[in-house]
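Inspection log for the structure reproduced underneath, given as structure tokens.
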Amino acid sequence: SPDVLLEKGKLALYKNNYQAALPYFNETIELDSDNFEAYYYRGLTYLYLSELEKAIEDFTASIKYNPDFPDSYNNRGLAYNYLEKFHEALSDFTQAIKLDPQFAEAYMNRGSFYLYTEDFVNARKDFELAAKYNSTNPELYFLRGRLNYTEGKYKDAINDFTQAIK
């Protein structure tokens with residue numbers, strides 16, 4: 001059944017066995033062509049394999065079948081970001097946050113975008129919100145440390161970098 005195939009694919013994905021996961025997601029989609037989760041997880045697999053155009057296609061299909069699932073927007077935003085399609089990335093991160101105002105990873109990703117584009121005020125706002133909703137992500141502290149370092153706030157940068165490596 002599609003549900004069993006989807007679960008087998010997710011298990012392979014969680015074990016970082018991406019090539020083994022793909023056939024399960026493909027077969028799930030063949031049997032249930034509007035299964036947003038199958039497109040989402042196949043998109044995630046393609047994202048991990050750096051097959052970014054395929055990832056974007058699948059996240060877009062996932063959004064078509066469930067436009068209220070914030071993870072699809074967040075991960076499509078990552079794929080766009082890696083392809084340096086920054087306007088699209090920003091739009092997707094923002095939509096993910098609209099759908100889930102406590103989505104720490106989306107705030108972190110959007111903050112990273114702002115840091116990269118030197119919009120330090122908005123980067124700081126998003127990093128603070130990301131920390132509010134998930135204070136355990138070391139990547140967040142690394143990014144905020146970079147922001148603090150860039151702004152000459154060296155003591156804060158050292159604190160964030162120290163938190164990142166804990």
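- Between Y24 and L5, the closest heavy-atom pair is CB-O, 3.4 Å.
- Tracing side-chain contacts under 4.5 Å through hydrophobic residues (I, L, V, M, F, W, Y), one reaches L49 starting from Y14; they form part of the same cluster.
- Residues L99 and P67 come closest through the heavy atom pair CD1-O, 3.5 Å.
- A donor-acceptor contact shorter than 3.5 Å is absent between the side chain of S112 and the backbone of M108.
- In this structure, OG1 in T45 is found 10.0 Å from CG in N17, a value given to the nearest 0.5 Å.
- Counted by atom type alone, D119 and N122 present one or more donor-acceptor pairs between their side chains at under 3.5 Å.
- Heavy-atom minimum distance, D32 versus D34: OD1-OD1, 2.9 Å.
- L78 has its side chain within reach of Y82: a pair of non-hydrogen atoms, C-beta onward, lies under 4.5 Å apart.
- Contact between A21 and L13 at its shortest, heavy atoms only, is CB-N, 3.9 Å.
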| task | Apply side chain to side chain contact (heavy atoms under 4.5 Å, CB included) to Y154 and N148, showing your working. | result | CA-CA 6 Å; Y154 301 119; N148 284 323; over 6 Å; no
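- With rounding to the nearest 0.5 angstrom, the CG atom of N81 is 12.0 Å from the CG atom of N75.
- Following chains of ILVMFWY side-chain contacts shorter than 4.5 Å, one can reach F36 starting from L22, so the two form part of one hydrophobic cluster.
- Under a hydrophobic-cluster definition in which Ile, Leu, Val, Met, Phe, Trp and Tyr are linked whenever side-chain heavy atoms come within less than 4.5 Å, directly or via other members, L6 and I63 are assigned to different clusters.
- Here the rule is ring-ring contact (aromatic ring centres under 6.0 Å, His included) with F59, and of Y40, Y39, Y73 only Y40 fits it.
- The distance from the OH atom of Y133 to the CZ atom of F103 is 13.5 Å, given to the nearest 0.5 Å.
- One finds the CG atom of L147 at 7.0 Å from the NZ atom of K153 (value rounded to the nearest 0.5 Å).
- By the rule that hydrophobic residues join a cluster once side-chain heavy atoms approach within less than 4.5 Å of another member, L52 and Y41 end up as members of one cluster.
- No side-chain heavy atom of R144 sits less than 4.5 Å from a side-chain heavy atom of Q163.
- Here R124 contributes atom CZ and L115 contributes atom CG; the two are 10.0 Å apart, rounded to the nearest 0.5 Å.
- Using modelled atom types and a 3.5 Å distance limit, the side chains of N16 and Y48 yield no donor-acceptor pair.
- Between E88 and K85 there is no salt bridge, since no side-chain N of the basic residue sits under 4.0 Å from a carboxylate O of the acidic one.
- Using a 4.5 Å cut-off on side-chain heavy atoms (C-beta onward), K98 and T94 make contact.
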| message | If you apply the rule side chain to side chain contact (heavy atoms under 4.5 Å, CB included), what do you find for L11 with K8, and how did you get there? | response | CA-CA 5 Å; L11 185 61; K8 286 182 177 182; 5.7 Å; no
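- Note: T150 OG1 to E118 CD = 8.0 Å, rounded to the nearest 0.5 Å.
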| said: Between R42 and T28, does the side chain to side chain contact (heavy atoms under 4.5 Å, CB included) criterion hold? Intermediate values first, please. | reply: CA-CA 10 Å; R42 189 173 71 178; T28 303; over 6 Å; no
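- K125 and E128 are not joined by a salt bridge, as no carboxylate oxygen comes within less than 4.0 angstrom of a charged side-chain nitrogen.
- Between the side chain of N74 and the main chain of P70, no donor-acceptor pair closer than 3.5 Å is present.
- Other residues, nucleotides and ligands contribute only 12 or fewer heavy atoms inside 6.0 Å of the OH atom of Y116.
- Here the closest non-hydrogen pair linking A55 and G43 is CB-O, 3.4 Å.
- Formation of a donor-acceptor pair under 3.5 Å by the N109 side chain with backbone atoms of E105 is found in this model.
- Enclosure of atom OH in Y149 is not indicated, since only 12 or fewer non-hydrogen atoms of other residues, nucleotides or ligands lie within 6.0 angstrom.
- The two residues L31 and P2 have their closest heavy-atom pair at CB-CG, 3.9 Å.
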| message | Walk me through whether D71 and L44 qualify under side chain to side chain contact (heavy atoms under 4.5 Å, CB included). | response | CA-CA 10 Å; D71 298 69; L44 205 53; over 6 Å; no
| said: Set out, in order, the CA-CA distance, both residues' side-chain angles and the distance that settles salt bridge (charged side-chain N to carboxylate O under 4.0 Å, His left out) for K10 and E7, then state yes or no. | reply: CA-CA 5 Å; K10 286 162 61 174; E7 291 307 313; 3.1 Å; yes
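- Side-chain atoms of T117 come within 3.5 Å of backbone N or O of Y114 as a donor-acceptor pair.
- Connection of F25 to Y65 is established within a shared hydrophobic cluster, with ILVMFWY side chains joined at heavy-atom distances below 4.5 Å, either directly or through further cluster members.
- A distance-only check finds no donor-acceptor pair linking the side chain of S62 to the backbone of D58 [under 3.5 Å].
- D160 is not listed as a side-chain neighbour of F142, based on a closest heavy-atom distance of 4.5 Å or more.
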